[in-house]
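Below is one structure, written out as structure tokens, with a few remarks after it.
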Amino acid sequence: MTRELEAAGDLEGISKKEARRTVNERVGARAQEVAERIAAKVDAAGRFARVEAVNGYVNISYNANTVAASLIGEVLRAGDRYGAAPPNSKPERVMIEHSQLNTHKAAHVGHLRNICLGVAVTNIVRAGGVATMPTTYIGDIGRHVVRCLWCYETFHRGEEPTGDASKGRWLGDIYAEADARLNLRADVLAFLHTVIREDEVFVTAVDRMLKFLWRTNTVDGEDIAYLLGRISQQGEIKVDQLRDENVLVTFWPIIGDQLRAEAAQPKPPEPPISADGETDAPLPTMTPEERLAEWERLDAHMTDWWPHVPAWEQAVRETFQRWERKDPNFVALWEETRAWSVADLRSIFDEFDATFDAWFWESEVEDEGRQIVRELLERGIAEVSDGLPVVKIDEQLGLEHETYHTLPILRSDGTTLYATKDLALTQQKFVEYDIDRAIWVVDVRQSLYFDQISKILELAGFEKAANNLHLGYEFVTLPTGVISSRKGNAPMLEDVRDEMLSRARAVIDEKNPELPAATRQEVARQVGIGALKYAMLARDGNKVIVFDPEEALSFDGHAAPYIQYAHARACRILEHASVSDIDLAASLDTLDFGETAAEELSLLQQISELPGVVQRAAAEYRPLHLTNYAFDLARRFNDFYHACPVLQSAEPTRTARIALVAATRTTLKSSLALLGIAAPEVM
RNA sequence: GUGCCUGUAGCUCAGUUGGAUAGAGCGACAGCUUGCGGAGUUGUAGGUCGGGGGUUCGAGUCCCUCCAGGCAUACCA
């Protein structure tokens, strides 16, 4: 009917939906009747094992042996490449930039998601038949590096890491210290603001104590008046409003006394929820214990750090200028310490199977970035606003509605921003490498930023800017809340990795103690890293991952070890069977399952779907399709394993089932490999 | 304010260009090994698919609207 309408030209220029409606109207019969008529016709052709009409659907059953033999043959021939399209069978050439780690700074679990995604997307797009070029972009210069080196020179010159910690890790600790020093005032003020806003007991108590101090006349009265006002109004305290900015150091112990008293008190009963379910105060974000802990953390350096923060900030600015004018001493120090971090980065990349066709460095695109900023200013695309070079993108595009806002492209002191460098690199990618598309695998919070970069380059007449794609993903949080280096609760990538490995090792030592130690070590690595990767990939990109170390470390259920275990079992069966894939391939002509079980058909069906799943995952840049596929495949294999004896069954079923197991093993391995996950043969 | 994202079982999540009775895992409870590995497996319990409209033969899926939460929004990266 569709064909008739097409021939008559009735379906031209109308939507799919309208077309379907038109067809339905012409058919003029109920779906079930149509299905029955079609079923009868198809059945008459005699090419299928069974044809039936159910609920308006036509179910067609194939001849299992014929289809199975052809499918299994295809899988065994393709081996590890089963599921992949021929290399470079699509004309596109794509650069995938991911794993943008920093030197002089430790990586955390958030970076883990990026690495896993980047590796998997690269594998999958390549398997989809597209030429891929994985690249990374290392933050080897910028504010964090300057802060780290300032702290190193000022407080740790000549020191060396102790114990077996790497120099890169040690440098990361120095960066964390620099951050803590420079952020002390901001942290203290933010903490006070939170406590003042959320805790009325605190407000009245501190208020009372301040009044007492005022009467004793030991500190500047105006400052006390200011603090009293802010506390009673539950507003923010601003240091520049104080006459003596060190006055907070004087009050700090008083605050601590009050917090200690509150934490020591027995918990007040839960406030009764009123009938309408409303409570008058917002829920506090910190318990009394947490408040005290945060106070104690800040108190450790309140007295000795607070007065120096402004001078330190000035020193950091000066250090920045040393980089800008390429002070030889500073550059030498930078090169030496950078090498320490790079060694660490390489080992992380090795461990997570990230390989790159090119490494880009922030330090190498600063000059080109400045050049582009100059051009943009000369051509009137950029302008200087309040001393700051910016592009008013909406204005430039003539957009009425605020869409792309305004992007600063250089700091007012002439130092470069991330944007300065990205403008240069983005252009460079297309100019120096023969690519059709460039993908950024970066946190979704930067999506506006990448739109801005693309639009600015388009404004500058760089047409290929439209071929940039930001593959965003949501961030990783902890069950206790958003990761914040301020609170110091972000699990470091290396710590998480270490914990996964030792946990995996403990499990295999318990389950399989007779394996050689070296094998257990290697299997623990494959299982531990695999579980970590799967946890990072088995969630859609637009969902936040709540990273619960306990859950990620559990090897039960919907997780990589389940799939790896299915693979190990399949390997075991084939080992007992002592048949090679070649022998099996030779026996395919006479393959005979006998009466096929539902579990066998279900497994065959799943195996046959891998190529399609790969295509879809590649087109959508979504490894999630493959994590789901691999888990489903493992589950169907387990169903089969329990329902259908393989080695104990009689010929010719025995050989047929062995062939099916072989095809399953290959497909499991192949689909895990696309995710960057290893498939151990024993575990 | 504006833009983007999210809302499906107690918890964590799948759900294909709209298509058959909305599925897994975890947690809970009750089973399975005289068989190729129990990191397995069977069953039970658990659902106003955030609310309300609309389009359609048919909506978790598409459109509108409202609610709730998150993120972004000029010198962070």
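All of these numbers come straight from a predicted model, not from anything done at the bench. Naming: A, B, ... by sequence-line order, numbering from 1 per chain. The figures here come from the full heavy-atom set of this structure, side chains too, leaving out hydrogens, waters and symmetry mates.
Counting non-hydrogen atoms under 4.0 angstrom, A:L647 reaches a base of the nucleic acid. Counting non-hydrogen atoms under 4.0 angstrom, A:F631 reaches the backbone sugars and phosphates but no base. Nucleic acid contact for A:V682: base, since at least one base atom lies under 4.0 Å from a heavy atom of the residue. No engagement by A:T403 is indicated, since no non-hydrogen atom pair under 4.0 Å with the nucleic acid exists. Using a 4.0 Å heavy-atom cutoff across all strands shown, A:Q446 reaches at least one base atom of the nucleic acid. A:N512 comes within 4.0 angstrom of a nucleotide base, judged by non-hydrogen atoms across all strands. Within the nucleic acid shown, A:C644 comes within 4.0 Å of at least one base atom, counting heavy atoms only. Contacts of A:H401 with the nucleic acid, taken as non-hydrogen atoms under 4.0 Å apart, involve only primed sugar atoms and P, OP1 or OP2. Looking at heavy-atom distances under 4.0 Å, A:Q615 makes no contact with the nucleic acid at all. Across all strands, A:V507 comes closer than 4.0 Å to base atoms (heavy-atom distances). A:D548 comes within contact range of no nucleotide atom at all, as no heavy-atom separation falls under 4.0 Å. A:R572 comes within contact range of at least one nucleobase, with a heavy-atom separation under 4.0 Å.
Distance NE2 (A:H470) to P (B:A72): 13 Å, rounded to an integer number of Å. When rounded to the nearest whole Å, the span between NE2 of A:H558 and P of B:G40 equals 13 Å. The interatomic distance linking A:R636 (CZ) with B:U41 (P) rounds to 14 Å, in whole Å. When the P atom of B:A77 is taken as reference, atom CG of A:D179 falls 12 Å away, rounded to whole Å. Counting to the nearest Å, the P atom of B:A24 and the CG atom of A:D632 are 10 Å from each other. Atom CD1 of A:I563 is separated from atom C1' of B:G25 by 12 Å (rounded to the nearest Å).
Checking A:E402 against A:E551, the closest nucleotide of RNA chain B that is more toward the 5' end is the one next to A:E402. Each of A:Y641 and A:D413 lies near RNA chain B, and the nucleotide nearest A:Y641 is the one positioned closer to the 5' end.
Defined by atom type and a distance below 3.5 Å, a donor-acceptor pair is missing between the side-chain atoms of A:Y137 and A:D422. Side chain to side chain, A:Y175 and A:N102 fail the donor-acceptor criterion of an N or O pair below 3.5 Å. Side-chain contact of A:R338 with A:T103: a donor-acceptor pair under 3.5 Å is absent, judged by distance alone.
Each of B:A72, B:U12, B:G37 was ranked by its minimum atom distance to the side chain of A:L448; first place goes to B:A72. When distances are taken from the side chain of A:R616 to each of B:U42, B:U17, B:G37, the shortest belongs to B:U17. Comparing B:U2, B:C5, B:G15 by their nearest atom to the side chain of A:N542 picks out B:C5. In this structure, the nucleotide among B:A14, B:U73, B:C36 sitting nearest to the side chain of A:P645 is B:C36. Which of B:G15, B:A24, B:U42 sits closest to the side chain of A:R622 comes down to B:G15. Of the candidates B:A74, B:G15, B:A39, B:A74 carries the atom nearest the A:V390 side chain, counting heavy atoms from C-beta on. For A:V646, whose side chain is taken as the heavy atoms from C-beta onward, the closest listed nucleotide among B:U41, B:C36, B:U2 is B:C36. Side chain of A:M683, nearest nucleotide from B:A39, B:G35, B:G38: B:A39. Side-chain proximity of A:Y449 to the nucleotides B:U12, B:A77, B:A74 is greatest for B:A77. In this structure, of B:U2, B:C75, B:A39, it is B:A39 that holds the atom nearest to the side chain of A:F555.
Note on A:R411: a side-chain N or O is less than 4.0 Å away from OP1 or OP2 of B:A77. Side-chain N/O atoms of A:N638 include none lying less than 4.0 angstrom from OP1 or OP2 on B:G40. Distances shorter than 4.0 Å separate none of the side-chain N or O atoms of A:R445 from OP1 or OP2 on B:U73. Note on A:K511: a side-chain N or O is less than 4.0 Å away from OP1 or OP2 of B:A39. OP1 or OP2 of B:G7 lies within a sub-4.0 Å distance of a side-chain N or O belonging to A:K543. Phosphate contact (OP1/OP2 of B:A14, side-chain N/O of A:N628, threshold under 4.0 Å): absent. For the pair A:Y562 and B:U41, the criterion of a side-chain N or O lying under 4.0 Å from OP1 or OP2 is met.
Taking 4.5 Å as the limit, every side-chain heavy atom of A:V441 sits out of range of all side-chain heavy atoms of A:Y621. A:D632 places none of its side-chain heavy atoms less than 4.5 Å from the side chain of A:N628. At a threshold of 4.5 Å between non-hydrogen side-chain atoms, the residues A:T136 and A:L345 do not count as touching. With a 4.5 Å cut-off on side-chain heavy atoms, A:D540 and A:R622 count as touching.
The heavy-atom pair separating A:M683 from A:A568 by the smallest distance is CG-CB, 3.9 Å. Nearest heavy atoms, A:D394 versus A:Y404: OD1-N, 2.7 Å. A pairwise comparison of heavy atoms in A:N468 and A:S454 identifies CB-OG, 3.7 Å as the closest pair.
Between the C1' atoms of B:G10 and B:U16, the separation comes to 29 Å (whole Å). B:U21 and B:C32 are spaced 28 Å apart, taking the C1' atom of each and rounding to whole Å.
You won't find any donor-acceptor pair under 3.5 Å spanning the side chain of A:E474 and the base of B:G70, going by distance alone. Residue A:S447 places no side-chain atom within donor-acceptor reach of the base of B:C4, judged by atom type and a 3.5 Å distance cut-off alone.
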Secondary structure of RNA chain B per the Watson-Crick/G-U criterion (both distances under 3.5 Å; [ ] crossing, | other strand, . unpaired) is (((((((..((((.....[...)))).(((((.......))))).....(((((..]....))))))))))))....
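Between A:F640 and A:F637, the angle of the ring planes lies from 30° to 60°, which puts this pair in the tilted group. Taking the six-membered ring where the residue is Trp, A:F450 and A:H470 present tilted rings, their angle falling between 30° and 60°. Ring geometry for A:Y449 against A:Y418 counts as tilted: the plane angle lies between 30° and 60°, on a 0 to 90° scale.
Geometrically, A:R569 engages A:Y641 in a cation-pi contact, judged by NZ or CZ lying under 6.0 Å from the ring centre and within 45° of the ring axis.
Residues from residues 415-426 of chain A lying near RNA chain B, meaning a heavy-atom separation below 4.0 Å, are A:L417, A:Y418 in numerical order.
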